[in-house]
Amino acid sequence: AQSVTQLDSQVPVFEEAPVELRCNYSSSVSVYLFWYVQYPNQGLQLLLKYLSGSTLVKGINGFEAEFNKSQTSFHLRKPSVHISDTAEYFCAVTLPLGQNFVFGPGTRLSVLP
Amino acid sequence: ETGVTQSPTHLIKTRGQQVTLRCSSQSGHNTVSWYQQALGQGPQFIFQYYREEENGRGNFPPRFSGLQFPNYSSELNVNALELDDSALYLCASSLDSGSGNTIYFGEGSWLTVV
């Protein structure tokens with residue numbers, strides 16, 4: 001079975017500062033990796049995904065993530081955050097032939113003025 | 001706007017009652033998945049429907065059941081509601097069931113069981 005850990009439940013950061021949201025996963029087989037964002041009272045929106053190939057993945061809104069197989073990590077980064085980035089961020093994994101996502105518990109990013 | 005619409009957006013039910021939640025998938029998408037998101041937690045997979053057949057199920061009891069219609073819209077039914085069923089229920093649609101395909105989430109239905 002797969003599992004996802006997001007060690008930081010809350011991350012406060014000042015506007016225009018860089019941010020890294022950490023994600024580690026556990027799986028005995030290869031997985032696909034995803035980051036989703038959830039704004040207040042909304043559903044989830046895909047930020048980026050890693051299926052194969054280059055380990056550095058660029059997504060929407062200036063976010064990027066790097067897949068590290070040896071450390072089983074898929075950390076999300078943004079060099080300069082905006083107030084509008086305040087949201088809940090979820091890391092998720094799925095098997096290449098799987099039907100479902102396994103989500104982490106989420107990290108609440110709060111961008112302060 | 002993902003094109004996935006869910007109804008109702010909010011509802012309150014009493015313990016022991018039954019509830020039906022509805023989802024209209026994005027045009028052309030033949031796969032619908034349902035997730036339960038309790039407050040402060042990540043979504044948990046309930047089940048998936050592909051071309052009107054159940055195509056995978058998470059660790060949820062049989063009182064959680066579903067249906068997919070020929071137009072690929074879907075329903076989630078929960079019988080004998082318990083207080084712990086209070087959560088945001090998310091529907092997601094995709095073109096085919098392969099996990100590499102992008103899935104699109106609706107805004108969810110908030111269920112409160114009292």
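Letters A, B, ... are given to chains in the order of the sequence lines, protein chains preceding strands, and every chain is numbered from 1. Quick caveat: nothing in here was measured; it's all calculated off a predicted structure.
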Can you tell me which of G40(B), P43(B), G58(B) forms the most heavy-atom pairs within a distance under 4.5 Å of chain A? P43(B)

Would you say CG of N59(B) has more than 12 non-hydrogen atoms from neighbouring residues, nucleotides or ligands within 6.0 angstrom? no

Heaviest contributor of heavy-atom pairs below 4.5 Å to chain B, chosen from Q42(A), K49(A), Q45(A), is K49(A)

Show the numbers, then the answer: is there a side-chain contact (heavy atoms from CB on, under 4.5 Å) between I103(B) and F101(A)? CA-CA 10 Å; I103(B) 67 172; F101(A) 289 84; 3.1 Å; yes

Answer with yes or no whether the hydrophobic clustering places L76(A) together with F14(A); edges join I, L, V, M, F, W, Y residues whose side-chain heavy atoms lie under 4.5 Å apart. no

Can you name the closest pair of heavy atoms from L90(B) and G43(A) and give their distance? CD2-CA, 4.2 Å

Applying a strict 4.5 Å limit to non-hydrogen atoms, the region of I46(B) in contact with chain A is neither

Would Y49(B) end up clustered with F45(B) when hydrophobic side chains under 4.5 Å apart are linked, directly or stepwise? no

Separation of Y35(B) OH from N100(A) CG (nearest 0.5 Å): 5.5 Å

Between Y25(A) and V102(A), is there shared hydrophobic-cluster membership here, with clusters defined by ILVMFWY side-chain heavy atoms closer than 4.5 Å? yes

Going from CD on Q38(A) to CD on E107(B), what distance comes out if it is rounded to the nearest 0.5 angstrom? 10.0 Å

Counting only heavy atoms not in L39(B), do more than 12 fall under 6.0 Å of its CG? no

Which atoms of Q37(B) come close to chain A, meaning under 4.5 Å heavy atom to heavy atom: side chain ones, backbone ones, both, or neither? side chain

Tell me whether R15(B) at atom CZ has more than 12 heavy atoms from other residues, nucleotides or ligands lying less than 6.0 Å away. no

